[in-house]
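Below you'll find the structure, written out as structure tokens, and then a few comments.
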Amino acid sequence: MNQTILFAIDFNTEEILVSSSEKGTKKVNFIERIHRKENELLFNAVVTLTSTTTSPDFDLAIFKAMDKVCQMIYGKHNNKV
């Protein structure tokens, strides 16, 4: 099955929480925490992604596009490490 990368923000610690889940399951596996200072661009992208879910005018197409942006930035981040 395909793995989906999930993102969340912990505003208390200013960290991005990165997890994965296999498509079709509800199980979430923690991958890592990335501090805002390590990747400011990814932090801001995940904040934007998160804010799309709380918008009264939720738009699935925008959410999916922003998720792709987060996936791309995270992919580049992993290549640097």
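- Residue Leu42 is not grouped with residue Met72 when hydrophobic side chains (ILVMFWY) are merged at heavy-atom distances under 4.5 angstrom, including chains of intermediate members.
- Side-chain atoms of Ser19 do not come within 3.5 Å of backbone N or O of Leu6 as any donor-acceptor pair.
- Contact annotation: the side chain of Arg33 approaches that of Thr13 to within less than 4.5 Å [non-hydrogen atoms, C-beta and beyond].
- Remark: side-chain polar atoms of Thr25 are paired, donor with acceptor, to backbone N or O of Glu22 under 3.5 angstrom.
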Throw together a table of side-chain donor-acceptor distances under 3.5 angstrom for residues 57-65, partners on residues two or more places apart or in other chains.
| residue | atom | partner | partner atom | Å |
| --- | --- | --- | --- | --- |
| Asp59 | OD1 | Ala61 | N | 2.9 |
| Asp59 | OD1 | Ile62 | N | 3.3 |

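- We find the CD-CD1 distance between Glu38 and Ile16 to be 8.5 Å, quoted to the nearest 0.5 Å.
- Of all heavy-atom pairs spanning Glu15 and Phe43, the tightest one is N-CE1, 4.1 Å.
- For Glu32 against Tyr74, the heavy-atom pair with the smallest separation is OE2-OH, 2.6 Å.
- Going from atom CG of Asn44 over to atom SG of Cys70 covers 10.0 Å, rounded to the nearest 0.5 Å.
- The two residues Ile31 and Ser20 make their nearest non-hydrogen contact at CD1-CB, 3.7 Å.
- For the atom pair Leu41 CG and His77 NE2, the distance stands at 11.5 Å (nearest 0.5 Å).
- The closest side-chain heavy-atom distance from Val18 to Phe30 is not below 4.5 Å.
- Minimum interatomic distance between Ala45 and Met66 (heavy atoms only, all atoms of both residues): O-CE, 3.6 Å.
- A distance of 8.0 Å separates CG in Leu49 from CZ in Phe7, rounded to the nearest 0.5 Å.
- In the hydrophobic clustering of ILVMFWY residues, with side-chain heavy atoms under 4.5 Å counting as a link, Val69 and Ile34 come out together.
- Using a distance-only test at 3.5 Å, with no hydrogens or angles considered, a donor-acceptor pair links the side chain of Gln71 to the main chain of Ile5.
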